[in-house]
Amino acid sequence: MVGRDPKGMDQMNLAEPTHAQDVKLIRAREELRAALAPARREGCSIGLVPTMGFLHEGHLSLLRAARAECDVVVMSLFVNPAQFGPGEDLERYPRDEERDLRLAAGAGADIVYAPPADAVYPEGFATQVEVGGGLTDVLDGDPARRGPGHFRGVTTVVAKLFNTVGPDVAYFGQKDAQQVAVIRRMVRDLDIPMRIEVLPTVREPDGLAMSSRNAYLDPRDRERATALSRALRAAEAAAASEGIAAGLEAARAELRAAGIEPEYLEARDAENLHPVAESNGRSVLIAVAAQVGGARLIDNVLIQP
Ligand code: AMP
């Protein structure tokens with residue numbers, strides 16, 4: 001396979017993977033470390049793609065990027081209870097492990113690491129990783145549904161994954177822009193010796209950002225949901241000619257026309273997430289979250305200076 005260096009990975013099936021059995025499914029941390037040890041000894045690069053599964057093209061774009069750049073590609077598959085608030089969709093979050101294994105194999109994953117929740121959070125688990133500096137307490141929307149606890153759950157599990165896998169690079173999607181800012185800061189602040197790669201949001205042909213949660217949308221809400229990406233495109237166009245405030249107003253008008261009341265629609269500095277009224281030469285993130293029927297959807301656009 002092009003760009004693939006199987007050094008140290010000879011225990012794996014290196015044929016072009018197209019079946020679930022072509023990817024190595026590992027559930028135990030010790031087994032994962034043992035499987036990666038030869039590659040690490042040989043100096044092979046390890047890429048990690050963290051996911052909650054129910055894979056779509058967004059996830060696959062991250063896996064393909066990892067495949068192109070790294071010798072060994074690990075995808076984690078874990079629906080992390082710690083990042084769901086009370087009343088959120090943990091129980092009904094869509095799951096299909098067999099299909100995920102097949103798709104992960106097809107996109108070039110060597111290993112899928114899918115630990116059980118009680119192995120990630122054993123009895124007596126008491127440590128949290130929390131990024132401060134205002135990065136996790138903005139853009140959270142309705143605090144009754146989703147507060148800083150969400151990002152504490154994300155950073156704690158991602159720090160554990162980084163420690164378990166020891167990747168050279170981890171791949172994340174721009175769709176979860178705040179998550180990207182928070183994880184970048186965690187890696188920087190904790191001196192974790194690795195690189196974070198961020199890939200663009202993959203969309204359906206009609207603009208809807210791909211998300212595992214799109215499965216919750218009935219046909220009518222699926223149609224209404226296109227207003228989010230339309231609103232962001234309108235924001236981008238208006239911001240370019242008339243400034244950020246006009247961009248936000250244009251987005252709000254698109255959402256209103258679709259009968260969508262956003263949980264938030266905000267302009268923030270793309271790096272530190274401080275609220276901004278104008279770009280002042282820096283990248284601005286316009287981000288939206290909204291409940292559309294049964295799904296809480298998020299999307300964003302980056303406005304370059
Ligand atoms: P999730 O399974 O939703 O936790 O997402 C796993 C990774 O895939 C995260 O880094 C997400 O940002 C990324 N991701 C989710 N949806 C998309 C998308 N539409 N385009 C690109 N990346 C995505």
Side-chain angles (χ1 to χ4, degrees), residues 47-69 73-85 88-90 92-97 99-101 103-104 107-109 112-115 117 120 139 146 150-162 165 167 169-187 194-217 222 225-226 228-229 232-233 270 285 287-289 292 295-302:
L48 171 67
V49 179
T51 81
M52 298 206 300
F54 211 66
L55 301 187
H56 50 66
E57 273 298 321
H59 300 112
L60 301 186
S61 72
L62 304 183
L63 285 169
R64 290 190 198 108
R67 177 74 284 152
E69 293 174 4
V73 176
V74 180
M75 181 186 97
S76 60
L77 168 50
F78 182 59
V79 181
N80 176 30
Q83 70 190 68
F84 287 76
E88 269 199 281
D89 55 345
L90 173 62
R92 67 178 181 127
Y93 195 84
R95 294 165 169 88
D96 188 341
E97 188 178 275
R99 175 176 171 274
D100 286 345
L101 291 174
L103 290 173
V112 170
Y113 174 52
V120 178
L139 294 179
R146 179 168 275 243
H150 165 73
F151 284 105
R152 198 159 54 232
V154 170
T155 42
T156 300
V157 85
V158 169
K160 283 171 69 79
L161 284 169
F162 288 173
V165 175
V169 196
Y171 296 82
F172 291 88
Q174 176 60 28
K175 168 160 173 286
D176 296 87
Q178 186 174 10
Q179 174 170 283
V180 164
V182 168
I183 287 170
R184 278 194 194 285
R185 186 67 63 89
M186 175 182 82
V187 165
M194 58 179 293
R195 185 158 60 82
I196 299 295
E197 273 295 322
V198 179
L199 277 98
T201 302
V202 177
R203 298 175 180 283
E204 300 285 357
D206 64 8
L208 178 67
M210 289 195 183
S211 165
S212 307
R213 291 191 166 95
N214 292 349
Y216 301 151
L217 296 167
R222 169 67 186 78
T226 58
L228 267 67
S229 59
L232 293 171
R233 280 202 308 274
L285 178 76
V288 64
V292 181
R296 179 186 186 273
L297 303 178
I298 60 171
D299 200 352
N300 66 82
V301 65
L302 261 184

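Hydrogens, waters and symmetry mates play no part in the numbers below; they use all other heavy atoms, side chains included. Throughout, numbering of the chain's residues begins at 1 and tracks the sequence. We count ligands from 1, going down the list as the structure has it; atoms in each ligand are counted the same way.
Residue L217 holds its CG atom at 5.5 Å from CG of L297, rounded to the nearest 0.5 Å.
Applying the salt bridge (charged side-chain N to carboxylate O under 4.0 Å, His left out) rule to R95 yields no partners; only residues at least two apart in sequence or on another chain are considered. Take D96 and apply the salt bridge (charged side-chain N to carboxylate O under 4.0 Å, His left out) test, not counting sequence neighbours, and it matches no residue. For R185, the salt bridge (charged side-chain N to carboxylate O under 4.0 Å, His left out) criterion is met by no residue, not counting sequence neighbours.
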Check against side chain to side chain contact (heavy atoms under 4.5 Å, CB included), V154 and V182: CA-CA 9 Å; V154 170; V182 168; over 6 Å; no
Under a 3.5 Å threshold, I'd like every N/O contact between ligand 1 and protein atoms, with atom names and distance.
from, atom 1, to, atom 2, distance (Å)
ligand 1, 2 (O), M52, N, 2.9
ligand 1, 2 (O), H59, NE2, 2.8
ligand 1, 5 (O), H59, NE2, 3.4
ligand 1, 10 (O), G173, N, 3.0
ligand 1, 12 (O), G173, N, 3.2
ligand 1, 12 (O), G173, O, 3.2
ligand 1, 12 (O), D176, OD1, 2.7
ligand 1, 16 (N), M210, O, 3.4
ligand 1, 19 (N), V202, O, 2.9
ligand 1, 19 (N), M210, N, 3.4
ligand 1, 19 (N), M210, O, 2.9
ligand 1, 20 (N), V202, N, 2.8

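Ion pairing between D299 and R203 holds under the 4.0 Å rule for side-chain N and carboxylate O.
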